[in-house]
Protein chains: 2
Amino acid sequence: MVTIKDIAARLEVSASTVGRALADDPRISAAMKQKVQEVANDMGYVVNRAARMMRGVSSNLVGLVVPDIRNSFYSTIAHALSKCLESADLQLTLSETDDDRLVELRHIRELTSVNVAGIIIVPTARPHPESVRLLKMTSCIQLLRRHASLGEHWFGIDDTQALFQATRHLVELGHQRIAYIGGTTDLPTGAARLQGFHGAVAGSKAAAHVREELGAPASTDFGRDAIRRLLALRSPPTAVVLGSVQNTQGALEELHASGVSVPETLSVVGFGDELGFRWWGPGLTTISLPVSELATACGLWFIHQLKQKSANPAPYSSVSPPTLVVRGSTRAVEAANASRAPARSRQLAG
Amino acid sequence: MVTIKDIAARLEVSASTVGRALADDPRISAAMKQKVQEVANDMGYVVNRAARMMRGVSSNLVGLVVPDIRNSFYSTIAHALSKCLESADLQLTLSETDDDRLVELRHIRELTSVNVAGIIIVPTARPHPESVRLLKMTSCIQLLRRHASLGEHWFGIDDTQALFQATRHLVELGHQRIAYIGGTTDLPTGAARLQGFHGAVAGSKAAAHVREELGAPASTDFGRDAIRRLLALRSPPTAVVLGSVQNTQGALEELHASGVSVPETLSVVGFGDELGFRWWGPGLTTISLPVSELATACGLWFIHQLKQKSANPAPYSSVSPPTLVVRGSTRAVEAANASRAPARSRQLAG
DNA sequence: ATGAAAGCGCTAACAA
DNA sequence: TTGTTAGCGCTTTCAT
């Protein structure tokens with residue numbers, strides 16, 4: 001490895017001169033800078049970040065901590081952040097937690113030990129106290145999910161609004177037996193989405209016939225099974241709204257496999273707008289979330305915050321609005337349906 | 001930050017004792033190790049990797065360099081590697097090149113400057129000479145794509161075989177006017193796939209009626225446009241085989257949008273087996289690639305190689321076989337079709 | 001079984 | 001404008 005000393009030796013100047021020249025220090029003459037640059041290039045010099053870090057400067061590494069990068073939400077985020085941080089000469093490191101707080105802790109430990117410039121995290125449901133302690137010492141931004149103990153910096157999506165819109169759409173189409181398939185309320189996102197769902201049916205005729213299937217949000221299997229259970233009911237729902245991408249994917253597979261006619265028998269509103277949702281059956285009506293924009297906003301803010309380098313940057317949080325994309329998988333309950341099915345339900349309710 | 005010295009001070013021993021205890025050095029008494037561990041935990045000590053690295057030890061960072069993490073190939077790889085490396089206490093850093101050799105160079109520079117333990121890379125078509133030089137100094141494994149200048153370590157897929165199988169399937173179904181949509185031959189993968197396609201039609205009646213649409217493999221738009229062009233031909237193909245995931249996705253969207261009946265009018269073989277390909281129209285017949293397994297194998301090998309820490313590890317490369325998954329989007333040319341269409345083609349060929 | 005001390009490559013305070 | 005020197009936290013001889 002060629003070091004600053006090697007360059008200094010070759011030019012017969014001191015190491016600090018070279019160091020300063022490389023750092024574009026105003027005290028160094030242009031001529032010297034020029035020469036240093038040349039020799040550095042010639043010898044193939046690359047800074048040793050480790051050494052630099054020992055002088056207190058934090059690294060140019062930014063930790064991204066997500067549950068699973070295969071989830072397109074997170075790969076979209078990783079991409080957007082990577083692009084964004086690149087312009088500030090920052091490198092992204094990737095850590096996957098699998099939604100396990102111990103794995104999360106291990107990764108956070110790792111990240112602190114390499115002195116990351118900061119951490120952008122989609123936290124697990126209840127982070128380990130030690131994780132919390134470590135994150136307090138770093139500049140940390142939360143993404144999508146928000147956990148109070150991890151500080152005020154948060155970029156997220158209005159999950160309540162998302163499910164409210166989705167469900168409202170079904171209510172307005174006249175659906176009364178509406179089911180929700182989504183994550184449990186452990187995660188703040190799960191709770192918020194469920195709340196949106198309830199908010200939308202509240203006060204409508206649908207309120208009495210609502211059914212929830214809550215499970216692991218990151219599992220396609222759960223989505224599949226939930227659909228199966230719903231279809232097996234004596235009076236199955238006429239519409240279903242999904243509360244997570246994976247659950248949606250599982251549900252779509254099951255619906256496709258079981259040959260249920262959508263939207264004739266069942267209206268479906270998905271969560272997220274994955275590639276392929278457009279061509280699922282009649283086209284999936286779904287909630288589209290501005291994930292990429294969110295991540296970019298987060299990255300920009302992170303860089304900004306880093307530049308300030310004030311010990312306690314102003315807390316900031318932002319919520320982005322979701323959009324409902326209406327395609328073919330939802331329609332108004334048919335007259336026949338409306339007279340037959342609700343009659344049954346009414347009995348149940350009464 | 002609590003350092004080794006702080007622990008030493010508290011225990012009233014020397015820093016080296018603490019260091020050794022933490023490193024589980026055999027010369028330290030069990031009792032001392034015990035005490036050191038306790039105090040370290042108590043004070044919340046985390047190693048300073050930068051300091052450690054200055055002592056010559058390379059970091060626990062492994063650079064993963066891919067074109068675009070949103071591509072599910074690469075996110076699958078990132079996931080598998082991350083899981084795999086985690087067990088060896090290694091961290092993955094993520095770099096996206098966008099298939100731009102200058103961006104690639106920047107990232108590789110960055111990675112060398114943080115002294116990564118190694119780099120796992122899906123190289124661009126023609127890496128910059130400086131990139132090549134830098135990579136020579138690191139332990140580097142190539143994934144999927146292979147560039148001779150980057151050494152012998154490579155884990156990939158038999159691309160030729162993949163397209164051979166896919167195309168052969170169509171030939172055996174009696175198709176004669178078969179089109180190929182895929183990447184240009186700049187990339188070794190593109191060249192290999194095209195070769196597989198040609199190999200499969202060679203000697204068959206289809207050989208004379210083959211048509212190629214070569215473009216950007218990472219572009220869904222190209223797939224969309226290519227399909228449009230093919231359908232507009234006076235004598236359009238009866239079957240099409242795809243040579244990249246994104247091209248496939250674009251093609252599927254276009255076919256869905258334009259309402260072409262598959263497989264009646266056109267048989268389609270996709271590339272890769274994405275979530276959603278199963279439910280596209282009649283189910284997409286496609287080439288499934290063992291990407292996750294590949295990445296795991298690569299990760300395991302990387303760890304193995306790291307442990308050897310011999311200067312020149314034995315070069316190794318491995319090719320994994322693809323599998324053809326037959327679903328509804330391909331079928332034998334109909335009798336009517338077989339008599340009508342080829343008649344036309346034969347005139348063209350004659 | 002433990003301690004003292006040197007030094008990794010770089011930066012920054014202090015000198016010249 | 002450039003040089004000298006100290007020290008970041010850790011590992012690793014060499015001593016004890």
Side-chain angles (χ1 to χ4, degrees), chain A residues 1-37 39-40 43-61 89 109-117 137 309, chain B residues 1-37 39-40 43-61 89 109-117 137 309:
Chain A
M1 276 283 85
V2 32
T3 80
I4 226 170
K5 275 188 187 165
D6 299 326
I7 302 179
R10 176 122 143 218
L11 282 168
E12 292 179 310
V13 294
S14 80
S16 27
T17 302
V18 176
R20 285 199 270 257
L22 257 19
D24 202 29
D25 189 299
R27 294 173 297 179
I28 298 295
S29 68
M32 180 56 89
K33 281 180 188 168
Q34 175 73 19
K35 276 194 287 181
V36 169
Q37 265 308 336
V39 176
M43 303 180 77
Y45 168 82
V46 238
V47 282
N48 185 331
R49 297 253 175 207
R52 180 175 287 177
M53 277 163 58
M54 291 225 30
R55 299 283 326 166
V57 188
S58 75
S59 75
N60 69 329
L61 253 40
D89 202 34
R109 272 233 175 77
E110 215 44 68
L111 293 174
T112 22
S113 86
V114 298
N115 239 305
V116 287
M137 302 167 26
K309 58 168 61 178
Chain B
M1 277 282 83
V2 32
T3 79
I4 226 170
K5 275 188 187 166
D6 300 326
I7 302 179
R10 176 120 143 220
L11 281 168
E12 293 179 308
V13 294
S14 78
S16 23
T17 302
V18 176
R20 284 199 270 256
L22 257 21
D24 200 29
D25 189 298
R27 293 174 297 180
I28 298 296
S29 69
M32 179 58 87
K33 280 179 188 169
Q34 175 71 20
K35 278 194 286 182
V36 169
Q37 265 307 336
V39 176
M43 303 180 77
Y45 168 81
V46 238
V47 281
N48 184 329
R49 297 257 175 206
R52 181 175 284 177
M53 276 164 59
M54 289 219 37
R55 299 285 324 176
V57 189
S58 75
S59 76
N60 69 328
L61 254 40
D89 201 35
R109 272 233 173 77
E110 214 44 68
L111 292 174
T112 26
S113 87
V114 296
N115 237 305
V116 286
M137 302 167 27
K309 58 168 61 178

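Quick note on labels: first sequence line is chain A, next is B, and so on, each numbered from 1.
If you check every strand for non-hydrogen atoms under 4.0 Å, Met32(A) touches sugar and phosphate atoms only. Residue contacts shown for Arg52(B) are limited to sugar-phosphate atoms, with no base heavy atom under 4.0 Å away.
Applying the 3.5 Å distance criterion, the base of dG9(C) shares no donor-acceptor pair with the side chain of Arg55(A). Residue side chain Ser16(A) reaches the base of dT4(D) through a donor-acceptor N/O pair under 3.5 Å, judged by distance alone. With hydrogens and angles ignored, a donor-acceptor pair under 3.5 angstrom links the side chain of Arg20(A) to the base of dG3(D).
Residue Thr3(A) places no side-chain N or O under 4.0 Å from the OP1 or OP2 atom of dG9(C). Note on Ser29(B): a side-chain N or O is less than 4.0 Å away from OP1 or OP2 of dT2(C).
Atom C1' of nucleotide dG3(D) and atom CG of Leu11(A) are separated by 15 Å, given to the nearest angstrom. Note: CG (Asp25(B)) to P (dT12(D)) measures 9 Å, nearest angstrom. Nucleotide dG9(D) holds its C1' atom 12 Å from the CG atom of Leu22(B), rounded to whole Å. Between the CG atom of Asn48(A) and the P atom of dC10(D) there is a distance of 16 Å, rounded to whole Å. Atoms NZ (Lys33(B)) and P (dA1(C)) sit 9 Å apart, rounded to a whole Å. When the P atom of dT12(D) is taken as reference, atom CD1 of Ile28(B) falls 13 Å away, rounded to whole Å. To the nearest angstrom, P of dA6(C) lies 17 Å from CE of Met54(B). For Ile7(A) and dC10(C), the CD1 to C1' distance is 12 Å, given to the nearest whole Å.
Of the two residues near DNA chain C, Ala51(B) and Val13(B), the one whose nearest nucleotide lies more 5' is Val13(B). Summary of the strand contacts: Thr17(A) and Ala50(B) both lie near DNA chain D, and taking for each the nucleotide with the nearest heavy atom, the more 5' one is attributed to Thr17(A).
A side-chain contact (heavy atoms from CB on, under 4.5 Å) with Val36(B) holds for exactly one of Ile4(B), Leu22(B), Ile28(B); it is Leu22(B).
Between the CE atom in Met54(B) and the CE atom in Met54(A) there is a gap of 6.0 Å [rounded to 0.5 Å]. The distance from atom CZ of Arg49(B) to atom OG of Ser59(B), rounded to the nearest 0.5 Å, is 8.5 Å.
Distances were taken from every side-chain heavy atom of Arg27(A) (C-beta onward) to each of dT2(C), dT2(D), dC8(C); the shortest belongs to dT2(D). Out of dG3(C), dC10(D), dT4(D), the shortest distance to the side chain of Ile4(B) is found at dC10(D).
A 4.5 Å side-chain heavy-atom check between Leu61(B) and Leu61(A) finds at least one atom pair inside the cut-off. Side-chain contact between Met1(B) and Asn48(B) is absent, with no heavy-atom pair separated by less than 4.5 Å.
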